[in-house]
Amino acid sequence: MQIDKLRGKTLDQLFDAILALENVEECYRFFDDLATMNEVQSLAQRLEVARMLREGYTYHKIETETGASTATISRVKRSLNYGNDAYQMALDRLAAQKSE
């Protein structure tokens with residue numbers, strides 16, 4: 001994994017802090033303090049691009065609906081195809097939560 005290069009105490013602390021959040025409202029508050037609006041929007045956009053790619057949307061439709069660049073769409077697609085299956089895992093879990 002590429003992120004292994006960053007692995008360490010401070011990144012563990014960040015992930016532990018995220019995992020300690022108890023609900024969506026706490027996430028809003030934490031990420032509002034932690035990151036810029038553009039950074040948060042970019043992360044959310046990438047997850048939406050992954051969802052749409054997984055559902056078979058075309059690049060054009062994804063670009064139109066999300067505003068993501070073709071470079072971002074390609075990057076997300078590469079992660080879906082050759083990454084750590086984390087997008088798949090997260091999207092599967094979200095789908096399972098919605099069906100409960």
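Numbers here simply count residues along the sequence, with the first being 1.
Annotation: side-chain contact (heavy atoms from CB on, under 4.5 Å) contacts of Asp33 (sequence neighbours excluded): none. By the salt bridge (charged side-chain N to carboxylate O under 4.0 Å, His left out) test, Arg7 is found to be paired with Asp4, residues two or more places apart in sequence or in another chain being considered. With sequence neighbours excluded, the residues forming a side-chain contact (heavy atoms from CB on, under 4.5 Å) with Thr64 are His60, listed by chain and number.
Atom CD1 of Ile62 is separated from atom OH of Tyr57 by 9.0 Å, given to the nearest 0.5 angstrom. Annotation: the span from Met52 atom CE to Glu65 atom CD amounts to 4.0 Å, rounded to 0.5 Å. Remark: Thr72 OG1 to Tyr59 OH distance equals 10.5 Å, nearest 0.5 Å. Taking CD of Gln45 as the start and CG of Asn38 as the end, the distance is 10.5 Å to the nearest 0.5 Å.
Residue pairs meeting the salt bridge (Lys or Arg N to Asp or Glu O under 4.0 Å) criterion with at least one member in residues 37-51, sequence neighbours excluded: Glu48-Arg51, Arg51-Glu55.
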Which donor-acceptor pairs under 3.5 Å do the side chains of residues 79-92 make with protein atoms, sequence neighbours left out?
unit_1 : atom_1 : unit_2 : atom_2 : d
Ser79  : OG     : Arg75  : O      : 3.4
Asn81  : ND2    : Lys77  : O      : 3.4
Gln88  : OE1    : Arg54  : NH1    : 2.9
Asp92  : OD1    : Arg54  : NH1    : 2.5
Asp92  : OD1    : Arg54  : NH2    : 3.2

Going by atom type alone, with no hydrogens or angles, which donor-acceptor pairs under 3.5 Å involve a side-chain atom of residues 10-25 and a protein atom two or more places apart or on another chain?
unit_1 : atom_1 : unit_2 : atom_2 : d
Asn23  : OD1    : Glu25  : N      : 3.2
Asn23  : OD1    : Glu26  : N      : 2.8

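Just one residue in the list Thr58, Thr70, Val49 forms a side-chain contact (heavy atoms from CB on, under 4.5 Å) with Glu63, and that residue is Thr70.
Residues Leu43 and Leu47 do not share a hydrophobic cluster, clusters being chains of Ile/Leu/Val/Met/Phe/Trp/Tyr side chains in contact below 4.5 Å.
Around atom CZ of Phe30, more than 12 heavy atoms belonging to other residues, nucleotides or ligands sit under 6.0 Å away.
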